[in-house]
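No experiment lies behind these values; they were computed from the predicted model shown.
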Protein chains: 2
Amino acid sequence: MISQKAKYALRALLALAEAPENEPVFIADIAETQAIPRKFLEQILLDLKHQGLVVSRRGKAGGYLLLRSPETITFGEVMRIIEGPLAPLPCLSKMAYRKCEDCTDEKSCRIRRVFAGVAEATRVVLDGTTIADAIASDKSGQVRRSIAS
Amino acid sequence: MISQKAKYALRALLALAEAPENEPVFIADIAETQAIPRKFLEQILLDLKHQGLVVSRRGKAGGYLLLRSPETITFGEVMRIIEGPLAPLPCLSKMAYRKCEDCTDEKSCRIRRVFAGVAEATRVVLDGTTIADAIASDKSGQVRRSIAS
DNA sequence: TCATAAGTCTATTAAACAGATAGAGTTGAA
DNA sequence: TTCAACTCTATCTGTTTAATAGACTTATGA
């Protein structure tokens, strides 16, 4: 199961992507329209900012904006920022490989071999789908991935 | 990431599948060969027993045996017993559907639409791969799914 | 028959994590 | 210079994970 935090992050990014361009959106507005606890959302947006997905303006006419275009932000990238590695085993992560604690021989690990298929399929979907794709799917009812797998 | 408990369960089942047929294996032996904390393994095997994957014999010449043949036990089934639903969102689970807490309209949920792809791919792999497949992959180095997707 | 060695069951624990909340601080426009 | 925005760090509560504990039941065989 994906975390509530990840859902919130994705919802917030979808909301920002749909806002008029170059017009910052208040945290408070996102929180209200997306039904996200405001203080929790602050932390999430701060994370996304530190990772370069969004920018903020301070002061009275402040708010958040997407830094990169929705076509370039993938679900995979967001999930990695919020949840950590996509892979179901540390030894299957491409971005954050770690040896499994008690694993003696990776090559012969049968569990690893099976879950490698899950990991790959997950990557194909999440790294292949952008925020823009998700918004476009609203009209078509189908998610068309814009990034070749 | 899958839990340590799920890894232990799969390792235990692989060990049982490889033991001589109709010869019960002691918990202590599995614990030792698979490097699983013994008391923890007891709980896991008890779960698997309650779910009808294994049987036990008590008393001096006791131990555990696979109840069903390794060709009929899928990774998906084991994961569901140990971890619960495979799906990344409750509203995407086929076996244990639940509405997402804060979801107003499932049909229009863009996050759901994207993760539906992940859920389906995960099911194809895990419900399509059996304990026997994983053991066979040892020889070939490749996991061949025996269940049509 | 009864000691022993096996599984059974329920409770407890410690540490980590998830989700959320709190509050003092900084910034910039009116 | 005030005020409404974002920033940062800390804290809290409940749940989950991984593991441990211990009393109990059952079957074998000396």
At how many degrees, to 10°, do the end axes of the helix from dT1(C)-dA30(D) to dA30(C)-dT1(D) meet when each uses five pairs?
10°
CD1 of I30(A) versus P of dA5(D): gap in Å, rounded?
13 Å
Got D138(B) and R113(A) here, is their nearest side-chain heavy-atom distance under 4.5 Å?
yes
Got a salt bridge between R80(B) and D127(B), using NZ or NE/NH1/NH2 to carboxylate O under 4.0 Å?
yes
Touch class at under 4.0 angstrom, heavy-atom based, for I27(B) against every strand present
sugar-phosphate
Nearest heavy atoms of A134(A) and V114(B), plus distance in Å
CB-CG2, 4.2 Å
Across nucleotides 18-30 of chain C, 5' to 3', mark each nucleotide with B, S or - according to how protein heavy atoms within less than 4.0 Å reach it.
-SBBBB--BBS--
K49(A) side-chain N/O to dC6(D) phosphate OP1/OP2 under 4.0 Å
no
Measure CG/L65(A) against P/dA5(D) and give the value in whole Å, please.
15 Å
Under 3.5 Å, is there a donor-acceptor pair linking the side chains of T130(A) and E71(A)?
no
Please report the distance, rounded to the nearest Å, between OH in Y64(A) and P in dA4(D).
19 Å
Audit row: R38(B), D29(B), salt bridge (Lys or Arg N to Asp or Glu O under 4.0 Å) steps and yes/no
CA-CA 9 Å; R38(B) 189 225 156 96; D29(B) 287 352; over 6 Å; no
Side chain proximity check, S93(A) to R98(A), heavy atoms < 4.5 angstrom:
no
Using a cut-off of strictly less than 4.0 Å, decide whether H50(B) has a side-chain nitrogen or oxygen near OP1 or OP2 of dT8(C).
no
In this structure, how many angstroms lie between the P atom of dT8(C) and the CD1 atom of I44(B), rounded?
14 Å
Do E83(A) and S3(A) meet the criterion of a side-chain donor-acceptor pair at a distance under 3.5 Å?
yes
The reported gap from CG in D102(B) to CD1 in I36(A) (rounded to nearest 0.5 angstrom) is 8.5 Å
Assess the residue pair K99(A) and E106(A) against the criterion (salt bridge (Lys or Arg N to Asp or Glu O under 4.0 Å)); give the C-alpha distance rounded to whole Å, side-chain angles, the decisive distance to 0.1 Å, and a yes or no.
CA-CA 8 Å; K99(A) 202 168 84 66; E106(A) 213 161 82; over 6 Å; no
Quick one: E32(B) CD to dA6(C) P, roughly how many Å, whole number?
12 Å
Could you tell me the separation between the NZ atom of K7(B) and the C1' atom of dT17(D), rounded to a whole number of Å?
13 Å
To the nearest angstrom, how far is F26(A) atom CZ from dC3(D) atom P?
17 Å
L45(A) CG to dC8(D) P, straight-line distance once rounded to whole Å:
13 Å
